[in-house]
Amino acid sequence: MQAWMDRVPDETPLTAMSIPGTHNSCARLRGDNLFTGPFTQCQTLDLAGQYALGVRWVDIRVRPQGKDLRAAHKDVDQGVGLRDVLAVTVEFLRRNPSETVVMQVSCEGASADATFLQLFDAAWEGFETFRHPGSWFPTLGEARGRIVLARRFASGHPGVCLADWRNDTIFTMRPARSGGGEPHTIRVQDSYARHDRDNKWGLVQALLCEAAGSPADVMYINYLSANLFPTTPRGMAESLNERLVRLLRSPEWSARPVKPRLGALLMDFPECLGPDAGPVPAVAACNPGF
């Protein structure tokens with residue numbers, strides 16, 4: 001899965017693709033609290049390992065700390081800065097120019113103030129040529145070898161604006177279209193609190209079905225992550241990732257004459273079922289060219 005996008009035609013818009021991704025992509029460390037630690041960790045693999053697995057959409061949450069933007073999950077520092085994240089991603093793209101990475105960036109626990117934006121600019125120094133310059137999701141051919149930035153904060157930076165993000169719900173965003181005209185449409189399912197496995201899977205499946213039957217220029221972002229004590233993120237992932245694989249390999253989906261577009265699916269612990277039996281290859285296989 002190191003270069004699976006090589007099989008997808010250049011003219012395919014990213015909005016028309018099925019993109020495996022991770023939720024809270026840098027959240028590998030548990031911190032010092034033995035009780036809350038298992039609920040803080042969302043990933044085992046580092047970013048290099050996620051890219052090798054086939055993940056192409058990452059959810060990067062950072063906050064200012066000194067002269068750096070540091071990856072964090074709530075109050076737990078994750079041991080890497082945004083510049084480290086960019087360096088790993090650029091190295092992957094240099095080695096795999098057929099690929100692109102959608103990098104969704106947000107300010108953890110606060111709003112993106114002037115200090116955050118200054119540190120954000122500084123982190124990108126030297127990496128600017130690897131950032132797609134547009135304000136909407138391009139075709140894959142236009143994005144190959146580059147990072148497509150999706151920022152959950154308002155600024156004048158290139159990238160798709162997700163500043164109207166709403167927490168813990170299902171919602172629609174309509175970012176302005178460059179040059180005027182009708183705004184773009186983004187549909188998001190990020191309902192995460194107080195869901196058991198069955199309830200959360202119902203929300204995921206509903207947006208999957210909506211994405212499969214909607215116009216190809218609408219971007220869908222569908223989170224498989226949730227929490228309900230005492231179920232940890234890993235316990236939730238083992239159930240939801242397995243259900244996703246089972247659905248995509250069922251006759252209901254696999255026998256369709258046209259492969260359904262799924263949108264971006266953001267998961268915890270995507271490797272937990274094994275690299276070949278897990279959700280990443282199952283999602284990638286829903287793209288044109290497979």
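Here the structure is a predicted model, which is why all the values come from computation and not from measurement. Values below: every heavy atom of this structure, side chains too, minus hydrogens, waters and symmetry copies.
Side-chain polar atoms of Lys200 and Gln205 form no donor-acceptor pair below 3.5 angstrom. Checking Gln41 against Arg30 by side-chain atom types alone, a donor-acceptor pair falls below 3.5 Å. Looking only at atom types and distance, the side chain of Arg246 has no donor-acceptor partner in the side chain of Ser250 under 3.5 Å away.
A salt bridge links Asp168 with Arg194: the distance from a Lys NZ or Arg NE/NH1/NH2 to an Asp or Glu carboxylate oxygen falls below 4.0 Å. Using a 4.0 Å cut-off between charged side-chain N and carboxylate O, Asp75 and Arg63 make no salt bridge. We find that Arg61 and Asp59 are joined by a salt bridge, their nearest charged nitrogen and carboxylate oxygen being less than 4.0 Å apart.
Listed by chain and number, the residues in a salt bridge (Lys or Arg N to Asp or Glu O under 4.0 Å) with Glu108 amount to none (sequence neighbours excluded).
Sequence neighbours left out, the pairs with a member in residues 132-147 that pass salt bridge (Lys or Arg N to Asp or Glu O under 4.0 Å) are Asp10-Arg144. Residue pairs meeting the side-chain hydrogen bond (donor to acceptor under 3.5 Å, both in side chains) criterion with at least one partner in residues 224-235, sequence neighbours excluded, are Arg234-Glu238. Listed by first and then second residue, the side-chain hydrogen bond (donor to acceptor under 3.5 Å, both in side chains) pairs involving residues 109-134 are Asp121-His157 (not counting sequence neighbours). Identified under the ring-ring contact (aromatic ring centres under 6.0 Å, His included) test for residues 67-107, with sequence neighbours left out: Tyr51-Phe92.
In terms of heavy atoms, Pro233 sits closest to Pro38 at CD-O, 3.3 Å.
Side-chain contact check for Met103 versus Val148: every heavy-atom pair is 4.5 Å or farther apart. For the pair Tyr192/Tyr223, no side-chain contact is recorded, criterion being any heavy-atom separation below 4.5 Å from C-beta on.
In this structure, Tyr220 shares a hydrophobic cluster with Leu207, Val218, the cluster being traced through Ile, Leu, Val, Met, Phe, Trp and Tyr side chains under 4.5 angstrom apart.
Ring geometry, His184 versus Trp136: the interplanar angle falls under 30°, so the pair is classed parallel (tilted spans 30 to 60°).
Around atom CZ of Arg95, no more than 12 heavy atoms belonging to other residues, nucleotides or ligands sit under 6.0 Å away.
Annotation: cation-pi geometry not satisfied between Arg197 and Trp201 (NZ/CZ under 6.0 angstrom from ring centroid, within 45° of ring axis).
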